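Note that the coordinates shown come from a computational prediction; the quantities given were computed from them, not determined experimentally.
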Amino acid sequence: LRLDGYKIVLINSKVHHSLAGSEYNVRRKMCGEGLMILESKMNISSFRDIREPVDILPYREIMGEEIYDCCKYVVEEIARTKKAAGLLQQNDLDGFGKLMYETHEGLSKLYRVSCAELDFLVEQARLDNNVTGSRQMGGGFGGCTISIIKEEAVNDFIEEVKAAYKKQFSITAEAYIVETADATKRIEV
């Protein structure tokens, strides 16, 4: 990941969540149910075998709206992840950032694991031309957003977002500027 001229900023919504026994596990169960339906109708053994998100559309009625939406999000996210890998190899942070926004939209509207506070923080990022992309991170229902921001605009972004968030929710958000470390790699001995 080459972030020349950009920084990664996490904004902690200060909304606490618990994944154990939560709605997140309900989403996972719905995906399992949807996959069983799709396996019985298509020649697949995992969501990764589905070529295009539109391929599951004929099974929407059988799955029901909620299960379909969860499965659609998973299939779309697999496609986005593949596309994101290519964009990062090309150092296309603008394209990668657009995918971050798409991911958040899917997490919020299809998988339904976001909350008003996270949606607000991502929308504030979207309004700032210095932000290339933003999304919730982790399991959702609270926690942090992650954004890629032009280095020279980071401090202003943090101040403006924290002020808007405090005004909207009466919560003081926390901001963290983070850096990535070298990934794992093969060492020849």
### Query
Are a donor atom and an acceptor atom from the side chains of E77 and T103 found within less than 3.5 Å of each other?
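Yes, T103 and E77 have a side-chain donor paired with an acceptor closer than 3.5 Å.
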
### Message
Please tell me whether E66 and Y68 have a donor and an acceptor in their side chains that are separated by less than 3.5 angstrom.
### Response
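There is no such pair between these side chains.
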
Do [X] and [Y] touch side chain to side chain, with heavy atoms closer than 4.5 Å?
X: D119; Y: L121; answer: no
X: Y176; Y: V9; answer: no
X: R27; Y: V113; answer: yes
X: V26; Y: M30; answer: yes
X: K72; Y: I56; answer: yes
X: L35; Y: C31; answer: no
X: R112; Y: E23; answer: no

Group every Ile, Leu, Val, Met, Phe, Trp and Tyr by side-chain heavy-atom contacts under 4.5 Å, then state whether [X] and [Y] land in the same group.
X: F96; Y: F157; answer: no
X: V131; Y: F120; answer: yes
X: V161; Y: L10; answer: no
X: Y6; Y: I158; answer: no
X: I44; Y: M63; answer: yes

### Message
Check whether D55 reaches the backbone of E52 with its side chain - one donor and one acceptor, N or O, closer than 3.5 Å.
### Response
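Yes, because the side chain of D55 sits within donor-acceptor range (under 3.5 Å) of the backbone of E52.
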
### Query
Any donor-acceptor pair under 3.5 Å linking the side chain of T132 with the backbone of L93?
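Yes; at least one donor-acceptor contact below 3.5 Å.
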
So does [X] pair up with [Y], basic N to acidic O under 4.0 Å?
X: K98; Y: E102; answer: no
X: R60; Y: E65; answer: yes
X: K162; Y: E174; answer: no

Minimum heavy-atom separation for [X] to [Y], with atom names?
X: F47; Y: C71; answer: CZ-SG, 3.7 Å
X: Y165; Y: S13; answer: OH-O, 2.6 Å
X: E39; Y: S45; answer: OE2-O, 3.2 Å
X: A164; Y: Q124; answer: CB-OE1, 3.7 Å
X: I11; Y: A175; answer: CD1-CB, 3.7 Å

### Message
For E33 and I37: C-alpha separation, side-chain torsions, deciding distance, then whether side-chain contact (heavy atoms from CB on, under 4.5 Å) applies.
### Response
CA-CA 7 Å; E33 291 173 20; I37 292 167; 5.5 Å; no

Atom pair [atom1]/[atom2] of [X] and [Y] - distance to nearest 0.5 Å:
X: L57; Y: Y59; atom1: CG; atom2: OH; value: 10.0 Å
X: I62; Y: S40; atom1: CD1; atom2: OG; value: 7.0 Å
X: L3; Y: K7; atom1: CG; atom2: NZ; value: 8.5 Å
X: Q136; Y: S108; atom1: CD; atom2: OG; value: 7.5 Å
X: E123; Y: L118; atom1: CD; atom2: CG; value: 13.0 Å
X: I177; Y: N155; atom1: CD1; atom2: CG; value: 5.5 Å

### Query
On the ring face of Y101, is R135 found with NZ or CZ under 6.0 Å from the centre and within 45° of the axis?
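Not flagged: R135 not positioned over aromatic ring of Y101.
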
### Query
Are there more than 12 heavy atoms of other residues, nucleotides or ligands under 6.0 Å from atom CE of M36?
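No, the 6.0 Å shell around CE holds no more than 12 heavy atoms from other groups.
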
### Residues in ring pair (Phe, Tyr, Trp, His ring centres under 6.0 Å) contact with Y111, at least two apart in sequence or another chain
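Listed in chain order: Y73.
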
Residues 137-154 side chain polar contacts: donor-acceptor under 3.5 Å, at least two apart:
residue, atom, partner, partner atom, Å
S147, OG, S134, OG, 2.7

### Query
What's the verdict on side-chain contact (heavy atoms from CB on, under 4.5 Å) for M42 and D49, showing C-alpha distance, side-chain angles and the deciding distance?
CA-CA 10 Å; M42 305 170 74; D49 297 330; over 6 Å; no

